[in-house]
Amino acid sequence: MPASAVHVLVLGGTTEARRLAESLAGDRSVRVTTSLAGRVAAPRLPPGEVRVGGFGGPEGLAAWMLEHDVDALIDATHPFAAAMSRNAAEAAALAHVPLLALRRPGWVAQDGDRWHSAGSLTEAAGLLPALGERVFLTTGRMGLAAFAGAGLDALWFLVRSVDAPEPPCPARMEVLLDRGPFDLDGERELLRRHRIDALVTKDSGGDATAPKLTAAREAGIPVVVVRRPPVPEGVPVARTPDEAARWVRRLHAPG
């Protein structure tokens, strides 16, 4: 690796982060380190250097970047990792390092969708009693406490996540451990087999988990969509890994 290589720290854990690392892996003018939070037991590791674990808040992240001569920071975390995104913005300012957010576009409702928008998991849970009794919950293993309230005891939940959830959890639930991408035929069969009559999802965007929305539309099933938090003010946004890679390469472009 040339001594003049631009050192990019990617806050990862998403498909886009991995694809960005793959895009930059063959560029000898760029050194990529991907940071993973360590919340998934067996993550798919990207090419390049990888570190696992937290930094200790924005001050710790800023100190790490200064210690390791980081030239640019890319926040490619999950669209709902709001706390990490805030930490990234504060750390970039403290370390005087340019910051880019890599965010896949959100989903857009289509004709036939029965979407109900919610600002939080708690708000989503409050909508469910009027929508169905057998709920497909695809918001991940974090935040299940919002669906564990006594007012939801009559509902049954199918919870899909990569790793097993920890309590508190819904009173009546079945856990399905699985990792996307998911195909449309599989999602159709899942809704049919479990007699699902309501779906809850975060607006994660992307193609890997979108087939469930098509299957729900076809079956006339209502979908509660939790809105994603905004990117911190003033942080530029790239919508694709290729766009983010071009931003990186412009950092060391002549002139």
Side-chain angles (χ1 to χ4, degrees), residues 10-25 32 34-37 39-40 42-47 74-85 88 100-121 124 136-143 158-163 176-188 190-191 196 199-218 221 223-232 235-248:
V10 178
L11 304 180
T14 60
T15 300
E16 288 74 23
R18 190 170 64 253
R19 289 176 178 168
L20 173 60
E22 291 168 353
S23 175
L24 296 174
V32 180
T34 300
S35 175
L36 303 175
R39 292 176 178 169
V40 176
R44 296 173 180 172
L45 298 181
I74 296 182
D75 171 17
T77 56
H78 192 276
F80 282 82
M84 189 65 238
S85 293
L100 178 74
L102 174 54
R103 293 287 186 275
R104 70 189 79 142
W107 290 316
V108 178
Q110 300 184 27
D111 290 342
D113 282 326
R114 298 174 58 196
W115 285 13
H116 301 261
S117 180
S120 67
L121 292 177
F136 185 21
L137 190 57
T138 65
T139 56
R141 67 187 181 94
M142 310 294 288
L158 175 65
V159 176
R160 182 165 69 188
S161 63
V162 176
D163 294 317
L176 175 61
L177 298 182
D178 205 354
R179 185 201 301 262
F182 304 104
D183 62 49
L184 181 55
D185 286 341
E187 298 294 65
R188 287 169 174 155
L190 186 149
L191 297 183
I196 298 298
L199 167 66
V200 181
T201 184
K202 294 177 177 178
D203 180 17
S204 301
D207 299 328
T209 62
K212 64 189 173 188
L213 300 175
T214 303
R217 183 189 316 122
E218 293 176 348
I221 293 173
V223 180
V224 180
V225 181
V226 182
R227 298 187 299 273
R228 59 173 64 177
V231 171
V235 177
V237 177
R239 297 297 183 185
T240 66
D242 286 344
E243 187 180 337
R246 288 194 294 271
W247 179 83
V248 170

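Model, not experiment: these values are computed from the prediction. Position 1 is the first residue of the sequence, and the numbers go up from there.
Atom CG of Leu36 sits about 11.5 Å away from atom OG1 of Thr77, to the nearest 0.5 Å. Rounding to the nearest 0.5 Å gives a distance of 10.5 Å between CD of Glu187 and CD1 of Ile196. Considering CG of Leu176 and CZ of Phe136, their distance stands at 6.5 Å, rounded to 0.5 Å. With rounding to the nearest 0.5 angstrom, the CG atom of Leu45 is 9.5 Å from the OG1 atom of Thr34. To the nearest 0.5 Å, atom NZ of residue Lys202 and atom CE of residue Met142 are 8.5 Å apart. We find the OG1-CZ distance between Thr138 and Arg160 to be 6.5 Å, quoted to the nearest 0.5 Å.
A search for side chain to side chain contact (heavy atoms under 4.5 Å, CB included) contacts involving Ala83 returns Arg86, not counting sequence neighbours. Residues that satisfy the side chain to side chain contact (heavy atoms under 4.5 Å, CB included) test with Ala76, not counting sequence neighbours, are Val10, Thr14, Ala17, Ile74, Leu102. Every residue meeting the side chain to side chain donor-acceptor pair (under 3.5 Å) condition with Arg227, not counting sequence neighbours, appears here in chain and number order: Ser117. By the side chain to side chain contact (heavy atoms under 4.5 Å, CB included) test, Pro232 is found to be paired with Ser85, Ala89, Val235, residues two or more places apart in sequence or in another chain being considered.
Paired with Leu137 under the rule side-chain contact (heavy atoms from CB on, under 4.5 Å), one option of Val224, Leu158, Leu199, Val159 passes, and it is Val159.
For Leu191 against Ala216, the heavy-atom pair with the smallest separation is CD1-N, 3.8 Å. Closest of all the heavy-atom pairs between Arg104 and Gly206 is CD-N, 3.5 Å. Counting all heavy atoms, side chain and backbone alike, Ala210 lies closest to Trp107 at CB-NE1, 3.7 Å. Considering every non-hydrogen atom in both Leu177 and Val162, the closest pair reads CD2-O, 4.1 Å. The heavy-atom pair separating Val231 from Ala101 by the smallest distance is CG1-CB, 4.0 Å. Taking both residues in full, the closest heavy atoms of Ala21 and Val32 are given as CB-CG1, 4.3 Å, listed atom of the first, atom of the second, then distance.
You'll find the side chain of Glu218 reaches within 4.5 Å of the side chain of Leu184, heavy atoms only. Contact of the Phe182 side chain with the Leu190 side chain is not registered, since no non-hydrogen atoms from C-beta on lie closer than 4.5 Å. For the pair Arg188/Pro211, no side-chain contact is recorded, criterion being any heavy-atom separation below 4.5 Å from C-beta on. A 4.5 Å side-chain heavy-atom check between Thr209 and Pro181 finds every atom pair outside the cut-off.
More than 12 heavy atoms of other residues, nucleotides or ligands lie within 6.0 Å of CG in Asp183, so this atom counts as buried by the packing criterion.
The backbone N or O of Val225 lies less than 3.5 Å from no partner atom in the side chain of Asp203, so there is not a single donor-acceptor pair.
Identified under the salt bridge (Lys or Arg N to Asp or Glu O under 4.0 Å) test for residues 105-117, with sequence neighbours left out: Asp113-Arg217.
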Identify all side-chain donor-acceptor contacts of residues 237-245 below 3.5 Å with residues at least two apart in sequence or on another chain.
residue	atom	partner	partner atom	Å
Thr240	OG1	Glu243	N	3.1
Glu243	OE1	Arg239	N	3.2

